[in-house]
Every structure is written in C-alpha cells, then in structure tokens.
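Structure first, commentary second.
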Amino acid sequence: MSTPASSDTSADRAGPSVTTAEPAAASDNGTAARIGAWGVVLGTAVTLVGLSWDIQWHNEVGPDTFFTLPHLFLYSGSAISGFASLAMVLIATSAQRAGRPVPRMGGTPIRVFGSNLTAPLGYMIAGAGAALFLLYGLLDLEWHSIYGFDAVLNTPSHVALFLSITLTMIGSVIVFAAHRDHRWGRVGIVVAIPILITFAPIPTNALNNLQLPADPTILGIVLFGPMLLILGAALLARAGAAVAIAGSLGAMQAILWWFSPWAAETYASAIGLPLRDGLTGRPPELPAIMPMFLIVAALVVEGLFWSARTRGYDAKKIVLVAGVATGVIVGVSFPLQMNLTHATSHLAFADVLTVTLLGIPLGLLAGFLGGRFTTMLPALIPATEDHR
C-alpha cells in the first residue's frame, strides 16, 4: 500500500493554514485522469437530476414502480460513476503490475482484493458506492415486488440507496481534491461540493420516525451545508472559493427548479397519467430545500478566512467560528426560505427560533468536521510519483 503524502505545508492563499494548498507533487494531468474524474462527477449529476425528477413524480403524479424513467436516470448515474471508477482502477492496476509508476490520480493507491487490484482512494470509494447502489437496487426491486408502489421515500431500500449515492459523491470530492493543483481539478471541486451539499441531507429521511426537535432534513441542511462549504473553501484556498461554491449551488438550484416539474409533467402526459389535484403553490421539492441564502454564509466564510490569512488568527479556531456563523445563518434563513417558497408554509416563531438555536451546536460541529476533513484530504494524496 502506498504511503500517504505529508501535510505539513500550510495554505498560503485565501484559506486558513488548516489545509495543504497544493499536493506535494504534481498530480496526473493527462486525458485519462480528466475523463475519469469528470466521468464520476457526471454520474453524480445524472443521479441528482434523476432524484429530483423522482421526488417531483411522487409529489405530482403519485406512487411509482421500479421501472420508470426517473429511476433509469438514478441507475444510469451510478453506472456512469461506477464504470469511470473501474476504468481508473484498471489503469492504476495495469501500471503497478507492469512495474511502472502508478499515475498520481484520484488519491493514494490502495491495494485491494489480496493486492490483486490497485485502486486510487477516491475511485475506490466512488466505485464502492456505485456498486452498492446497484446491489441495493435489487433490494428495491424486491421491495416493489412485495409491497407494490412506494408511497414514501424513507423505505429501507431507499435509505440504503441514498447512503450509497452519498458514498459515490464523497469519492468524487476526493478525486478532484487530488487534482486541485490543476485548474480543472479546482473547477471540479466547485461542481462536486454543491452536488454533495444538495444530496447529503436526503439520507436523514431515515430519521423521520424519531422525535427530534426539528425536521431531520432541516437539521441535515444546517449541518452539511456549512460543513461542506467550509471544506470546499479551505481545500481550494483561494479568495472567492466559498462564493464560487455557493454560486454553483445557486445555478444547480435554478436548473432543477425548472427541470423537475417540466420533466414530471411531460413524462406523465407521454404515458397518459393524470397529475394530482391541488398542486398550486407547491415548489419542486428537492431544489426548494437547497439553501438559497448560502451565498450570505459564503461571504462570511470569505471574510473569516481573509482575517486568518492577514492577521494570523488560529486556523483551528477560525473554522469553528465559521461553522457557528454559517450554521446560524442557514438556521435563520432556511425557515424564511420555506415561507417564501411554500405558499402554505407558515412556520411559527418558535420553530424558527428552534432551528436557529440548533444552528449553533450543529454549526460548531460543521466547523470542526470541515477543518478535520480538510486536514485529512491532503494526507490521502500520494507525495511521490513512484507507487509500485
């Protein structure tokens, strides 16, 4: 197994010194590295589109079966990510077996299956998620065959599928983090992080039956949005990184806001199914839970990181302060977003206060995890070109 790279070099651009600004040695900039990385993130994007479409179908048309066009998008997305990951694993394995240096792409090469395969870490995680998704897809098919239509999202098979997708998306972030010394790698982070911000709260649907102080999906948004924003900004270590991530999220939100209702209605019309009554005033559900005001949090993160760089503040404390600040901002703004976008939503002041107060501990946790993951990722990138 390869030895992880050292992470002693501090960030010298826009982020605090909690992270390594660049990998210790240049990562692979070849065509295969680019195709593999963008293939994985393309698969996650197709999956996200399919999920938004599927949720909209449930809301506008009703229960579905296993064999629907939105489900095809979901499974196609995982297949794209899975095959891209497999191809990169085979390239790395071929180089290792031939005695050549293993290409520095996608993270530290890991020997798996009795050292028969050499898998770059990011591709190993992304590929494992894709494989598990297809495996749990069989469970979902069996679930449908036994119980018929799905009326809710938090069935056991769906929760397993959501966790598998999350794993693939985490792998995509690791892959691009390994190539952040190249412009295309940094652009990839700006794309991959918002996809994960959008999807990460979805598996919290599994907690819907618990008596929590607030909706688990809202709690997930307050935790994962700030955490991933801080992680992405610190990884990129450039002025404007947090704003770029928030802007990318906003662009994805706008696209899904238009696409999801259009796709559900067009598909329903094509196969002759009617829409539900009383849909007026209901926004598309997935884009409606993407935090619209994350741009405000991004500006705060930019200011705090600038202070850490120019005034020498402790980076570990800065990420905690950034976490609390962004947690509170998302906690305050998300209930407002719900009231603005849902005609029938009228959250009481007590509910808004509860989410805001929960934003403090969740934001603190987000800052801590964001800082820790930022420190971990450079250590998962090989420091030398020779991995035999």
Checklist entry - Is it the case that one hydrophobic cluster holds both Ile289 and Trp258, taking links as side-chain heavy atoms less than 4.5 Å apart, direct or via other members? => result yes
Next on the checklist: Could you measure the distance from the CD1 atom of Ile165 to the CD1 atom of Ile195? Nearest 0.5 Å is fine.
Outcome noted: 12.0 Å
Checklist entry - Which atoms form the tightest heavy-atom contact between Ile80 and Gly39, and what is the distance? => result CG2-O, 3.4 Å
Checklist outcome for this item: So the side chain to side chain donor-acceptor pair (under 3.5 Å) pairs with at least one residue in residues 160-170 (sequence neighbours excluded) are none
Item to check | Check against side-chain contact (heavy atoms from CB on, under 4.5 Å), Val330 and Leu294 | outcome: CA-CA 7 Å; Val330 176; Leu294 196 67; 4.0 Å; yes
Item to check | Spacing of CG belonging to Leu228 relative to CD1 belonging to Ile189, to within rounding of 0.5 Å | outcome: 12.0 Å
Next on the checklist: Can you confirm whether Ile91 sits close enough to Met105 that some side-chain heavy atom of one is under 4.5 Å from a side-chain heavy atom of the other?
Outcome noted: yes
Next on the checklist: When you measure from the side chain of Ser94 to the backbone of Leu90, do you find a donor-acceptor pair of N or O atoms at a distance under 3.5 Å?
Outcome noted: no
Next on the checklist: Within the 4.5 Å heavy-atom criterion, are Leu167 and Leu132 side-chain neighbours or not?
Outcome noted: yes
Checklist entry - Counting only N and O atoms by type, is there a donor-acceptor contact under 3.5 Å from the side chain of Ser172 to the main-chain atoms of Met169? => result yes
Checklist outcome for this item: One should read off an interatomic distance between Leu364 CG and Leu369 CG, to the nearest 0.5 angstrom, of 9.5 Å
Checklist entry - Between the side chain of Glu302 and the main-chain N/O of Ala239, is any donor-acceptor distance below 3.5 Å? => result no
Item to check | For the student: nearest non-hydrogen atoms of Trp257 and Pro283, plus distance | outcome: CZ2-CB, 3.5 Å
Checklist entry - Given the rule that I, L, V, M, F, W and Y join up when any side-chain heavy atoms are under 4.5 Å apart, are Leu219 and Ile360 in one cluster? => result yes
Next on the checklist: Within the 4.5 Å heavy-atom criterion, are Met88 and Val175 side-chain neighbours or not?
Outcome noted: no
Next on the checklist: Run the side-chain contact (heavy atoms from CB on, under 4.5 Å) test on Met290 and Leu256 for me, step by step, so that the C-alpha distance in whole Å, both residues' side-chain angles and the decisive distance to 0.1 Å come before the verdict.
Outcome noted: CA-CA 10 Å; Met290 298 167 70; Leu256 290 176; 4.2 Å; yes
Checklist entry - Closest heavy-atom contact between Thr93 and Thr118? => result OG1-N, 2.8 Å
Next on the checklist: Using every non-hydrogen atom in the two residues, find where Pro335 and Val352 come nearest and quote the distance to one decimal.
Outcome noted: CB-CG2, 3.7 Å
Next on the checklist: Applying a strict under-4.5 Å side-chain criterion to I, L, V, M, F, W and Y, I'd like to know whether Val41 and Phe83 cluster together.
Outcome noted: no
Next on the checklist: With heavy-atom distances below 4.5 Å as the criterion, would you say the side chains of Leu74 and His71 are in contact?
Outcome noted: yes
Next on the checklist: Which residues pass the side-chain hydrogen bond (donor to acceptor under 3.5 Å, both in side chains) test with Ser260, not counting sequence neighbours?
Outcome noted: Ser52
Item to check | Side chains of Ile329 and Val300 in contact at under 4.5 Å (non-hydrogen atoms) | outcome: yes
Checklist entry - Under a single-linkage definition using a 4.5 Å side-chain heavy-atom cutoff for Ile, Leu, Val, Met, Phe, Trp and Tyr, are Leu299 and Leu249 assigned to the same hydrophobic cluster? => result yes
Checklist entry - Checking Gln56 side chain against Ala264 main chain: does a donor-acceptor pair fall under 3.5 Å? => result no
Checklist entry - So Phe73 and Trp53, would you call those rings parallel, tilted or perpendicular, with 30° and 60° as cut-offs? => result perpendicular
Checklist entry - So do the side chains of Leu286 and Phe199 get within less than 4.5 Å of each other, counting heavy atoms only? => result no
Checklist entry - Is the side chain of Arg104 donor-acceptor paired with the backbone N or O of His179 at a distance under 3.5 Å, no angle test? => result no
Next on the checklist: Using 30° and 60° as the class boundaries, would you call the ring planes of His158 and Phe162 parallel, tilted or perpendicular?
Outcome noted: tilted
Next on the checklist: Once side-chain hydrogen bond (donor to acceptor under 3.5 Å, both in side chains) is applied, do any residues pair with Asn29, and if so which ones, sequence neighbours excluded?
Outcome noted: Arg34, Trp184
Checklist outcome for this item: Taking every heavy atom of Leu231 against every heavy atom of Gly370, the minimum-distance pair comes out as CD1-O, 4.1 Å
Item to check | CH2-CD distance between Trp57 and Glu265, expressed to the nearest 0.5 angstrom | outcome: 11.0 Å
Checklist entry - Judged by atom type as modelled, is there a donor-acceptor pair below 3.5 Å linking the side chain of Thr198 to the main-chain atoms of Pro194? => result yes
Next on the checklist: In this structure, is the centre-to-centre distance between the rings of Phe334 and Phe293 below 6.0 Å?
Outcome noted: no
Checklist entry - Between Arg186 (side chain) and Arg180 (backbone), is there a donor-acceptor pair under 3.5 Å? => result yes
Checklist entry - So which heavy atom on Gly323 is nearest to which on Pro226, and how close? => result O-CB, 4.5 Å
Checklist entry - Same cluster for Val187 and Ile255 if Ile/Leu/Val/Met/Phe/Trp/Tyr side chains link at under 4.5 Å? => result no
Checklist entry - Counting N and O atoms only, with roles assigned by atom type, does the side chain of Asn205 sit under 3.5 Å from a partner on the main chain of Ile202, one being a donor and the other an acceptor? => result yes
Checklist outcome for this item: Here the gap from Thr217 atom OG1 to Asn208 atom CG, rounded to the nearest 0.5 Å, amounts to 5.5 Å
Checklist entry - Are the ring centres of Trp38 and Phe176 closer than 6.0 Å? => result yes
Item to check | Validation row: Leu51, Ile55 side chains within 4.5 angstrom (heavy atoms) | outcome: yes
Checklist entry - Backbone N or O of Ala37 within a donor-acceptor pair of the Tyr123 side chain at under 3.5 Å? => result yes
Next on the checklist: Could you check whether any side-chain heavy atom of Ile197 comes within less than 4.5 Å of a side-chain heavy atom of Phe224, counting everything from C-beta outward?
Outcome noted: no
Item to check | Value rounded to 0.5 Å, distance of CG in Leu196 from CD1 in Ile245 | outcome: 11.0 Å
